[in-house]
Amino acid sequence: MSRGSAGSSRATETSRSGAEGVDVTRRQAAGTTSHSSVPGDVRPRRVPRHVACVMDGNGRWAAQRSLPRTSGHRAAETAVIDVIEAARSAGVGWLSLYAFSTENWRRPHAEVDFLMHLVRRVVRKHAPLLHARGIRCRFLGVTDPRVPAALARDFADLMTLTCDNRGMTLTVAFDHGGRRDIVEAARSLIRGGVPAEAVDEECFAAHLPFPDTPDVDLVIRTSGEQRISNFMLWQVAYAEWVFPPVLWPDFRAPHFLECLHTYQQRDRRFGGVLPHQNGESRP
């Protein structure tokens, strides 16, 4: 890939993100989340356009309480809804949640079966609220035949129900693998007979699932683990990462806002240098 063209396209995206961002504290005050406290040092700055969360730590949360792993998955529901509300109220335009990876099929059958039933219950339970909030819902993945047909239908129904919503876009990565998405995009280009010399980043990205999805600005991985885990590999190329130690079932709106604040303190260079480091004054 051409770093020059990548830097230019990402810089353009950054400008667009800034134009569409909002003041965290103003939106938080105007919106409603299940936790109204806001970190005192969150200052009026632009929030990231696209935030992605690797929801890690359910099993450890359960183990710390001498409970089965399924109890950790069940407890994660509250965190999911809290983060969705916090992101929407803060003005995040796109929120992506990593719920189930292609590698998760290797887990014990009983755990996988529990997750399939749990996710279906959560989707059906919260669909009316998501729609009422004006959230557009998408599901990234869901191609493996082992995904129960009833669950796949519920995913499709929720996408249809919310497809015209113009609030935040919520993408749930379920049966998702970043490498698989890239391979499928390459296959699509080959099947389409696209000449090799015609393939650039923009062309390739157009063959990924949901190609209108903007690059991820901030990735939050809970539990302190520091791995990508095959998550949206193309989209996170220039993302900032934050690794809060809190386990996902305990993750709440104040933790999310702290991550936004951490993001706000960083200078994104996209392979270049900041103006003031190049002898130029700050804008």
Side-chain angles (χ1 to χ4, degrees), residues 24 27-28 31-39 42 47-48 50-65 67-92 94-101 104 107 111 114-130 132-133 135 137-140 155 158 167-174 176 216 218-227 229 231-232 241-263:
V24 175
R27 281 296 190 96
Q28 183 67 24
T32 57
T33 67
S34 55
H35 291 263
S36 58
S37 59
V38 180
V42 171
V47 301
H50 186 177
V51 178
C53 297
V54 180
M55 305 182 291
D56 197 13
N58 294 352
R60 276 164 286 171
W61 184 93
Q64 289 175 0
R65 293 159 176 77
L67 297 171
R69 289 176 57 85
T70 52
S71 296
H73 297 317
R74 187 181 292 111
E77 176 185 349
T78 301
V80 168
I81 300 305
D82 213 58
V83 166
I84 291 172
E85 287 286 333
R88 184 187 66 86
S89 297
V92 172
W94 300 70
L95 176 67
S96 297
L97 303 178
Y98 202 6
F100 191 86
S101 73
N104 288 154
R107 294 187 177 185
E111 181 179 353
F114 175 86
L115 284 167
M116 297 298 156
H117 285 87
L118 174 65
V119 171
R120 188 178 188 211
R121 181 186 64 79
V122 170
V123 167
R124 295 171 71 89
K125 174 182 176 182
H126 295 287
L129 174 65
L130 295 171
R133 291 284 194 266
I135 296 173
C137 299
R138 291 175 166 181
F139 293 88
L140 178 64
F155 287 167
L158 183 55
M168 183 178 73
T169 295
L170 170 66
T171 301
V172 178
F174 193 89
H176 163 71
V216 176
L218 169 65
V219 181
I220 301 168
R221 178 165 188 149
T222 57
S223 84
E225 296 291 338
Q226 300 183 13
R227 296 187 300 275
S229 295
F231 180 43
M232 300 183 79
W241 288 72
V242 178
F243 303 100
V246 62
L247 302 177
W248 179 258
D250 291 328
F251 196 74
R252 294 293 183 271
H255 300 116
F256 183 82
L257 294 175
E258 288 169 5
C259 292
L260 294 191
H261 173 71
T262 298
Y263 170 87

Determine whether [X] and [Y] make a side-chain contact, defined as any pair of heavy atoms from C-beta on separated by less than 4.5 Å.
X	Y	value
L247	Q64	yes
P244	E258	no
L260	P48	yes
W248	V80	yes
F155	V119	yes
L115	F100	yes
V123	F174	no

F231 and Y98 aromatic ring geometry - parallel, tilted or perpendicular at 30°/60° bounds: parallel
To the nearest 0.5 angstrom, please state how far the [atom1] atom of [X] sits from the [atom2] atom of [Y].
X	Y	atom1	atom2	value
T222	F251	OG1	CZ	7.0 Å
L170	R88	CG	CZ	12.0 Å
I84	H126	CD1	NE2	8.0 Å
E85	L95	CD	CG	11.0 Å
D56	R221	CG	CZ	4.0 Å
R138	W94	CZ	CH2	4.5 Å

Please determine whether side chain to side chain contact (heavy atoms under 4.5 Å, CB included) holds for the pair L67 and W61, giving the CA-CA distance in whole Å, both sets of side-chain angles, and the decisive distance to 0.1 Å. CA-CA 9 Å; L67 297 171; W61 184 93; 4.3 Å; yes
Answer yes when R65 and D250 have at least one side-chain N-carboxylate O distance shorter than 4.0 Å, and no when they do not. yes
So, for [X] and [Y], which heavy atoms are closest and what is the spacing to 0.1 Å?
X	Y	answer
C137	L130	SG-CD1, 3.8 Å
A62	P68	CB-O, 3.2 Å
A99	N104	O-OD1, 4.5 Å
S223	G57	CB-CA, 4.0 Å

In a check of side-chain hydrogen bond (donor to acceptor under 3.5 Å, both in side chains) between N58 and each of H73, R69, R74, which one passes? H73
Passing candidate, side chain to side chain contact (heavy atoms under 4.5 Å, CB included) with I220, options V51, V54, V83, T262: V51
